[in-house]
Enquirer: 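Please see the structure below; I have some questions.
Just so you know, residue 1 is the first one in the sequence shown, and it goes up from there. Each ligand, and each atom within it, is numbered from 1 in the order the structure gives.
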Amino acid sequence: MSTVDAASGTGEYAGLVAAVTGGGAGIGLAIAEELAARGARVAALDLDTSALPEHLTGVRCDVTDRASVQAAIDEVAEKLGGLDVLVNNAGISAVGTVEDLSDDDWHRVLDVNVVGIARATAAALPLLRASEHPAIVNMCSIGALNGLPQRVLYNASKGAVLALTYAMATDHVGEGIRVNCVSPGTVHTGFVDRMLAKFPDPVREKAAMDARQATGRMVSPAEVADAVAYLASPRSGSTTGTALEVDGGVTHL
Ligand code: NAI
């Protein structure tokens with residue numbers, strides 16, 4: 001529990017403080033909203049916090065910059081009174097095969113999707129150790145386990161997120177800090193729209209994305225947020241080192 005009484009005092013997250021990287025838009029914003037609805041005080045850490053509603057605390061943060069991440073985590077602790085839950089959600093995509101992608105592309109995507117998690121987690125750990133219910137949830141993807149066309153870099157980055165999740169869970173289980181990840185299928189956000197725009201035939205690519213979901217539809221940001229809210233809550237106290245697929249059946253059906 002954080003050191004300050006919860007503003008609302010109700011809900012399964014009452015008294016808890018959460019920080020969500022990439023919380024300014026898309027899935028991260030849905031996660032921030034869900035945790036707030038369940039009683040947490042929530043900070044959204046993002047390059048752009050301009051679209052945030054008032055009940056969320058926006059903190060400017062670039063996960064590729066260690067000093068920026070440390071300053072953001074310090075600001076969360078100061079403004080909200082501690083930190084119980086870290087959601088490492090910030091992520092970017094890249095389209096292409098190994099022949100299409102430059103070294104700069106590789107460094108840029110891995111820096112956000114993988115090293116960004118390490119930076120935010122390292123900054124948060126001292127605060128999480130002071131919490132009674134510490135939890136970390138990383139944003140993975142079905143790309144970690146499924147070979148998707150033209151996603152070689154993105155998938156490699158998410159494979160690393162999966163391995164990182166298991167290894168972090170192992171390192172910190174002894175101090176009571178749980179680490180899990182969520183692996184969504186395709187979720188219709190700005191992220192997907194930007195990716196689609198890079199294809200020669202975006203309409204055809206969108207149809208392929210829809211068809212990939214066994215359920216016949218894309219996953220909603222709220223469904224991913226629900227899964228994160230479960231894994232980060234004291235209710236999942238025996239769950240650590242897992243990947244929860246919210247993927248419309250893509251991975252196992
Ligand atoms: P989005 O592009 O809609 O939102 C991402 C947010 O992260 C933006 O607010 C952006 O400003 C922020 N961000 C980007 N770089 C940052 C940085 N260096 N520091 C801080 N914030 C930064 O993306 P979306 O769809 O919400 O994706 C969120 C996460 O979910 C990502 O990790 C993505 O890989 C993952 N994911 C998305 C899927 C999808 O189909 N949309 C499927 C599976 C996983």
Enquirer: I need the nearest protein heavy-atom contact for atom 40 (O) of ligand 1: residue, atom name and distance, please.
Expert: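 Answer, as residue, atom name and distance: Val187 N, 2.7 Å.
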Enquirer: Nearest 0.5 Å please: distance from the CD atom of Gln150 over to the CE atom of Met195.
Expert: 11.0 Å
Enquirer: To the nearest 0.5 Å, tell me how far Ile136 CD1 sits from Asp84 CG.
Expert: 12.0 Å
Enquirer: Of all the atoms in ligand 1, which lie at a distance below 4.0 Å from a heavy atom belonging to Gly26?
Expert: 3 (O), 26 (O)
Enquirer: Would you say Ile117 and Met168 make side-chain contact, with heavy atoms under 4.5 Å?
Expert: yes
Enquirer: Name the one of Asp226, Thr240, Val182 that satisfies side chain to side chain contact (heavy atoms under 4.5 Å, CB included) with Leu231?
Expert: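 Exactly one option meets the side chain to side chain contact (heavy atoms under 4.5 Å, CB included) with Leu231, and it is Val182.
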Enquirer: Taking Arg108 first and then Asp105, would you say they form a salt bridge - that is, a charged N and a carboxylate O separated by under 4.0 Å?
Expert: yes
Enquirer: Check this for me: Glu175, atom CD, are more than 12 non-hydrogen atoms of other residues, nucleotides or ligands nearer than 6.0 Å?
Expert: yes
Enquirer: Please verify whether a non-hydrogen atom of Ser157 lies at under 4.0 Å from ligand 1.
Expert: no
Enquirer: Who gets closest to atom 21 (N) of ligand 1 by heavy atom: Leu47, Val20, Val112?
Expert: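 Nearest option to atom 21 (N) of ligand 1, by heavy atoms: Leu47.
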Enquirer: In the protein, which heavy atom is nearest to atom 18 (N) of ligand 1, and how far is it?
Expert: Asp62 OD1, 3.0 Å
Enquirer: Examine distances only and state if a side-chain atom of Arg38 and a backbone atom of Ala36 form a donor-acceptor pair shorter than 3.5 Å.
Expert: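 No, because the side chain of Arg38 does not come within donor-acceptor range (under 3.5 Å) of the backbone of Ala36.
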Enquirer: Return the closest protein heavy atom for atom 10 (C) of ligand 1 as residue, atom name and distance.
Expert: Asp46 OD1, 3.4 Å
Enquirer: Mind checking whether Ser141 and Ser183 have side chains closer than 4.5 Å, heavy atoms only?
Expert: no
Enquirer: When you measure from the side chain of Asp46 to the backbone N and O of Thr49, does any donor-acceptor pair fall under 3.5 Å?
Expert: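 Such a contact is absent between Asp46 side chain and Thr49 backbone.
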Enquirer: Less than 3.5 Å between some nitrogen or oxygen of Tyr154 and one of ligand 1, yes or no?
Expert: yes
Enquirer: Looking at atom 23 (O) of ligand 1, what's its closest protein heavy atom, distance included?
Expert: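 Its nearest protein heavy-atom neighbour is Phe191 CB, 3.2 Å.
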Enquirer: Out of Asn89, Val59, Ile27, indicate the one that has the non-hydrogen atom closest to atom 31 (C) of ligand 1.
Expert: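 Result: the heavy atom closest to atom 31 (C) of ligand 1 is in Asn89.
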Enquirer: Nearest protein heavy-atom contact for atom 30 (O) of ligand 1: which residue, which atom, what distance?
Expert: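 Atom 30 (O) of ligand 1 sits closest to the protein heavy atom Met139 CG, 3.2 Å.
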Enquirer: Which of the numbered atoms in ligand 1 are under 4.0 angstrom from any heavy atom belonging to Cys61?
Expert: 19 (N), 20 (C)
Enquirer: Just need the protein heavy atom nearest to atom 7 (O) of ligand 1, so name the residue and atom and give the distance.
Expert: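 Checking every protein heavy atom, the shortest distance to atom 7 (O) of ligand 1 gives Gly22 CA, 3.4 Å.
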Enquirer: Could you find the nearest protein heavy atom to atom 4 (O) of ligand 1 and give me its residue, atom name and distance?
Expert: Ala25 O, 4.1 Å
Enquirer: Hey, which atoms in ligand 1 end up nearer than 4.0 Å to a heavy atom of Pro184?
Expert: 43 (C), 44 (C)
Enquirer: Please write down residue, atom name and distance for the protein heavy atom closest to atom 19 (N) of ligand 1.
Expert: Val63 N, 3.0 Å
Enquirer: Take a 6.0 Å sphere around CZ of Arg204 and say whether it holds more than 12 heavy atoms from other residues, nucleotides or ligands.
Expert: no
Enquirer: Near Thr189, which atoms of ligand 1 are under 4.0 Å from a heavy atom of that residue?
Expert: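 Within the 4.0 Å cut-off of Thr189, ligand 1 contributes 3 (O), 24 (P), 25 (O), 41 (N).
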Enquirer: Find all atoms of ligand 1 within a distance of less than 4.0 Å from any non-hydrogen atom belonging to Gly91, and give their numbers and elements.
Expert: 31 (C), 32 (O)
Enquirer: Below a 4.0 angstrom heavy-atom separation, can you tell me which part of Cys140, side chain or backbone, both or neither, approaches ligand 1?
Expert: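 Answer for Cys140: backbone.
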Enquirer: Any atoms of ligand 1 less than 4.0 Å from a non-hydrogen atom of Lys158? List them with their elements.
Expert: 32 (O), 33 (C), 34 (O)
Enquirer: Indicate yes or no for a side-chain donor-acceptor contact from Asn180 to the backbone of Gly241 under 3.5 Å, with no hydrogens or angles considered.
Expert: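 Yes; at least one donor-acceptor contact below 3.5 Å.
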Enquirer: If the cut-off is 4.0 Å to any non-hydrogen atom of Arg194, which atoms of ligand 1 fall inside it?
Expert: 1 (P), 2 (O)
Enquirer: Would you check if the side chain of Thr242 reaches a backbone N or O of Thr239 as a donor-acceptor pair within less than 3.5 Å?
Expert: no
Enquirer: Out of all atoms in ligand 1, which are within 4.0 Å of some heavy atom of Val192? Include the element for each.
Expert: 39 (C), 40 (O), 41 (N)
Enquirer: Counting heavy atoms only, name the option from Gly185, Pro221, Ser141, Gly28 that's nearest to atom 42 (C) of ligand 1.
Expert: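 Considering heavy atoms of Gly185, Pro221, Ser141, Gly28, the nearest to atom 42 (C) of ligand 1 sits in Gly185.
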Enquirer: Quick check on Thr21 - does any of its heavy atoms sit under 4.0 Å from an atom of ligand 1?
Expert: no
Enquirer: What's the separation between atom CD1 in Ile142 and atom OG1 in Thr251, rounded to the nearest 0.5 Å?
Expert: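 Spacing of CD1 (Ile142) from OG1 (Thr251) equals 5.5 Å.
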Enquirer: Can you find a heavy atom in the side chain of Val137 that is under 4.5 Å from one in the side chain of Asn88?
Expert: no
